[in-house]
Structure formats: C-alpha cells, structure tokens
Amino acid sequence: MGKPAGFSYQSTADGRVRIFHRGRLAATLARAAASGFLEKARTAGEEELQLLMAKATGNHKHGNEKNNQ
C-alpha cells in the first residue's frame, strides 16, 4: 500500500491552516479543526504527519488499498 506523500501545511495569522498537496491548495482548516490539527502535527513524525494531512483533505482510502489482515 502506498504511503501519503507530497503534503505540506502553512498556518496563517488568523488561526487557519492551509494544507497543500504537491504545491496546490487541497484544504483549509479553521477554528477547532485547525487547532486540533496543529496539536497533533507538533508531535507527529514525518510519515504520521503526511497521513494526518491526507486524512484532513479527504485524500486517503480510495478503495484500491489492500487490507492488512
């Protein structure tokens, strides 16, 4: 199964978080979603951070991933 990659984020002065995928804006988080994201992002490793951003944008689990069971 492929791992999420190509994500980055930027926090803005008004408390929002912009998430980019390969340089293009993929999502903007505000209020509670933004603060929750930033709290998790501070302690996340790079792989976990990429997955966190993929989940925040809805860019994960397209149905072609294998189950690890």
Between the CE atom in M53 and the NZ atom in K40, the distance rounded to the nearest 0.5 Å is 13.5 Å
Rounding to 0.5 Å, atoms CG (L49) and CZ (R42) come to a distance of 12.0 Å
Smallest heavy-atom separation, L29 atom then A34 atom, equals O-CB, 3.6 Å
Where the side chain of Q50 meets the backbone of G6, is there a donor-acceptor pair that is under 3.5 Å apart? yes
Could you list the donor-acceptor pairs under 3.5 angstrom formed by side chains in residues 14-27, with sequence neighbours left out?
{"residue": "D14", "atom": "OD1", "partner": "T12", "partner atom": "OG1", "Å": "2.4"}
{"residue": "D14", "atom": "OD1", "partner": "R16", "partner atom": "N", "Å": "3.4"}
{"residue": "D14", "atom": "OD2", "partner": "R16", "partner atom": "NE", "Å": "3.3"}
{"residue": "H21", "atom": "NE2", "partner": "A5", "partner atom": "O", "Å": "3.2"}

- Other residues, nucleotides, ligands: >12 heavy atoms within 6.0 Å of E39 CD: no
Hydrophobic cluster membership, F7 vs L51, 4.5 Å side-chain cutoff: no
Taken to the nearest 0.5 Å, the spacing of L38 CG from Y9 OH works out to 6.0 Å
